[in-house]
Novice: 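Quick one: the structure is below, and I'll ask about it shortly.
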Amino acid sequence: MDKVLFGDNQFFAVNHLSDEKSRAQAIRFKTDEAIISVLDSAIDLGINTFMCTTHDRIANICDHMRNNPERYKGFKIYPCMPYAHKYVNAVTELGIIGTLKEYLPGNIFSTFAKGGLAFAKKDVIKMMELLIDAEMKMFKGIDTPVIFIQNVLTDMILGMGMKDIFVEYHNYIIKKYNAEPGYITMNLPLLLDVLEESGIKNPIICSSINKIGFRMSGGMDIYEKTLAEREFRPIAMQVLAAGAIRPNEAIEYLGKFPRIESVLFGASSQGHIRETKELIENHLT
Amino acid sequence: MFKSCVIGLGKMGISHCAIVNTHPLLDLVTVCDTSSFVLDVFKRYSAVRCYTDYKEMFQNEELDCVFVATPTKFHFDIVKSALDKGLHVFCEKPFSLHVDEGKELVDLSLKRGVVNQVGYHNRFIGTFNYFKKLIEAGILGNVYHFVGEAYGPVVTRKKGGTWRSKGSEGGGCLFDYASHVINLIEFILGDIKSVDGTQLKKIYSSGVEDAVYSALILENGVSGNLSVNWSDETYRKMSTQITAIGTEGKIISDAQEIRIYSKKGNEKFGLEKGWTIKYITDLTDNVDFYLRGEEYSAQVDNFAKSMESEASHNKSSFESALNTDRVIEKLNNYQTQ
């Protein structure tokens, strides 16, 4: 993995501190051209990986990349699925079954549910595979060497103790997409325990890692111990704690943990992208 | 450990399962739902025991507490059965469809002396708690007006057909979205006495309202406006904001940041003269397990600690939720007048 992974929160009005800033971002990135222009300046600065959710608008960005193969040669995307709010809003209105019907292709759900028979384990797996395929469709022809499950889903499965689902997901990503499975979580120490118990060795895990302990569930001590002692491939996100820490201080903190392979960050201006990229390259060994 | 069960495996029920299952004081032993699909997933992938009938579950299982996350119309029967069994009850919001039923549950829970809580999670958000503290300290002087708002993109086109599209079953923007804002106004500023000029607007739905607009008057005489719309696609997710203005300043707060304008400043609260802005990163404690927001874990933690120790103060009791139901009823009745 590259040391620097470019994120997409800024494009989709995700701001963990301010709804007003979110709105300003939504206005700034109203057009796909505005997103592409920022991505292009990141590429010009030598960033080669874009880590993004499976938001509908990413499909347009993928089209643009396929149409300009020379410009995006060697550029990689790490998809993170699903775009959770799409499903959360749908579940509020349609319920769980209604949402599955809405997002599964064709009449698949009704076929499974025919005659009110119980769902077998293989049906549940099949449904998960179909949902993954539906989310992955937009990336056809694009290099996606690592594929992530978003934290809401990871942490829900983790919380419910359904660790076999991680194993099914893990195997399917390797088998079908010839890619490395990755996990985004807000509960790093617990997730690592459960993945190891399930036989998933040295997993790629993306989690909040920052100097003030923001969204480091269970506390900083156990996170720091995990980063120092355990075998896994950490990606640090929320390193600026949504803007509460200055970039220099924030990235310097990450330098304490040589195991951290990559840092995920998003920014909208070339100046900020350059500054953060240089800090990461200087502090990460 | 308190033996726990979750009834109703929708969005909130599943979220509660994950939080309960990882909580050090709680042991998730059973779940109950009428949908075979969700229950099948639990049967195949988890170790909990599964029921389709809560009465059978109450009969067969030794339980300490129950989390009720079914559609609202089932709350009364299920919560009543649980209270009759002497169980501690966490019930999702809104609490009840009918105030007289809600009152019966409040009385019964007090009689049984069990912990009773409703899932108004905004009461566990750092910014709103800080807001409450500032109001109690009189930072705004005489508060004379407030605005409570929530917007989000739930129904953005014509369709529908679940219980959420039926007002008689607890669907609609009033029960789902506006209840949060009403409850939060009462938490921060005081109980609501009366409503006026209420508009329940259908935008895309046919059976229920998609927006609620109303004037509100608090018991303490303060006036305010309620503005809630779940058909506003300019929002990515539900966004709730409370504004209060008084003779000494103004406060605007959502779940992420609180902006305080103080005419004189206040040393004790670290407020400068003019604007001070504080963020969730300053005001929110870490939780042991995080799912979708610290507040969801914090409310379950409050429930568990209240069972463990009588000294623990319950921040979102049945009684406070019944007050919200009373306001919902007033808003509904105003419309039908």
Side-chain angles (χ1 to χ4, degrees), chain A residues 12-23 26 84-85 88-98 100 109 112-113 116-121 123-124 151-152 155-165 185-187 190 208 212-220 241-245, chain B residues 9-11 14-15 17-22 28 31 35-48 71 152-156 159-165 176-177 230 234-239 241 254-257 259 277 279-282 284 286-292 294 297:
Chain A
F12 301 121
V14 182
N15 188 295
H16 297 292
L17 288 195
S18 157
D19 279 350
E20 216 162 89
K21 282 179 194 137
S22 292
R23 193 168 308 120
H85 290 296
V88 170
N89 289 327
V91 167
T92 300
E93 190 198 359
L94 304 171
I96 287 172
I97 307 276
L100 283 171
F109 190 84
F112 284 133
L117 291 173
F119 285 87
K121 197 163 182 169
D123 296 334
V124 176
N151 51 290
V152 172
D155 292 333
M156 205 169 265
I157 298 167
L158 176 68
M160 291 190 298
M162 298 184 173
K163 53 188 180 186
D164 288 353
I165 295 181
T185 183
M186 295 292 174
N187 304 287
L190 182 64
S208 296
I212 61 168
F214 180 56
R215 302 261 150 96
M216 292 163 73
S217 315
M220 280 183 90
I245 319 170
Chain B
L9 300 172
K11 183 177 75 179
I14 288 176
S15 167
C17 283
I19 292 167
V20 169
N21 198 35
T22 50
L28 181 68
V31 294
S35 148
S36 69
F37 170 68
V38 180
L39 220 50
D40 283 346
V41 176
F42 271 85
K43 269 183 214 157
R44 312 272 170 205
Y45 289 98
S46 81
V48 300
V154 175
V155 181
T156 54
K159 62 178 168 172
T162 69
W163 67 273
R164 287 187 195 275
S165 54
D176 196 284
Y177 259 47
W230 77 358
T234 65
Y235 290 80
R236 190 174 65 93
K237 56 177 181 162
M238 184 180 185
S239 173
Q241 180 170 292
D254 57 31
Q256 286 85 39
E257 69 177 341
R259 287 169 286 172
I277 301 179
Y279 295 103
I280 182 175
T281 41
D282 309 317
T284 302
N286 257 331
V287 292
D288 286 337
F289 178 78
Y290 178 100
L291 184 65
R292 300 195 302 136
E294 284 86 0
S297 303

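These numbers were taken from a predicted model, which means no experiment stands behind them. Just so it is clear: chains get the letters A, B, ... in the order the sequence lines come, proteins before strands, and each one is counted from 1.
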Novice: Report which part of Glu294(B) has an atom under 4.5 Å of a heavy atom belonging to chain A: side chain, backbone, both, or neither.
Specialist: side chain
Novice: To the nearest 0.5 Å, what is the distance between OG1 (Thr185(A)) and OH (Tyr290(B))?
Specialist: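 Output value for this atom pair is 11.0 Å.
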Novice: Side chain from CB out, backbone as N, CA, C, O: work out which of these in Val38(B) comes under 4.5 Å of a heavy atom of chain A, or both, or neither.
Specialist: side chain
Novice: Quick one: does Tyr235(B)'s side chain get under 4.5 Å of Arg23(A)'s, heavy atoms only?
Specialist: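 Yes, at least one pair of side-chain atoms sits under 4.5 Å.
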Novice: Between Asn286(B) and Gly213(A) (side chain of the first, backbone of the second, donor and acceptor by atom type, cut-off under 3.5 Å), is there such a pair?
Specialist: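 Yes, the answer is positive, given that a donor and an acceptor are paired below the 3.5 Å cut-off.
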Novice: Looking at every heavy atom in both Met156(A) and Ala18(B), which two are closest together, and how far apart are they?
Specialist: O-CB, 3.9 Å
Novice: Nearest 0.5 Å, what's the CG-OG distance between Asp288(B) and Ser217(A)?
Specialist: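 Output value for this atom pair is 8.0 Å.
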Novice: Under the rule for ring pair (Phe, Tyr, Trp, His ring centres under 6.0 Å), what residues qualify as partners of Phe42(B), not counting sequence neighbours?
Specialist: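 Testing Phe42(B) for ring pair (Phe, Tyr, Trp, His ring centres under 6.0 Å), a comparison that skips the adjacent residues, returns none.
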Novice: Quick one: list whatever passes side-chain hydrogen bond (donor to acceptor under 3.5 Å, both in side chains) with Thr22(B), sequence neighbours left out.
Specialist: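 Applying side-chain hydrogen bond (donor to acceptor under 3.5 Å, both in side chains) to Thr22(B) gives none.
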Novice: Answer yes or no: is there a side-chain heavy-atom contact under 4.5 Å between Met160(A) and Leu28(B)?
Specialist: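 Not in contact.
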Novice: To the nearest 0.5 Å, what is the distance between CD1 (Ile157(A)) and CD1 (Ile14(B))?
Specialist: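 So the gap between those two atoms works out to 10.5 Å.
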Novice: Going by heavy atoms in the side chains, are Leu158(A) and Phe289(B) under 4.5 Å from each other?
Specialist: yes
Novice: Calculate, to the nearest 0.5 Å, the distance between atoms CZ and CD1 belonging to Arg215(A) and Ile280(B) respectively.
Specialist: 4.5 Å
Novice: Return the NZ to OG distance between Lys163(A) and Ser46(B), rounded to the nearest 0.5 Å.
Specialist: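 Answer rounded to 0.5 Å: 12.0 Å.
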Novice: Heavy-atom cut-off 4.5 Å, strictly under: side chain, backbone, both or neither for Ile212(A) against chain B?
Specialist: side chain
Novice: Heavy-atom cut-off 4.5 Å, strictly under: side chain, backbone, both or neither for Leu9(B) against chain A?
Specialist: backbone
Novice: What distance separates Ser297(B) OG from Asn187(A) CG, expressed to the nearest 0.5 Å?
Specialist: 8.0 Å
Novice: List the atom of Arg292(B), the atom of Val152(A), and the distance in Å for their closest heavy-atom pair.
Specialist: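 So the minimum-distance heavy-atom pair works out to CG-CG1, 4.1 Å.
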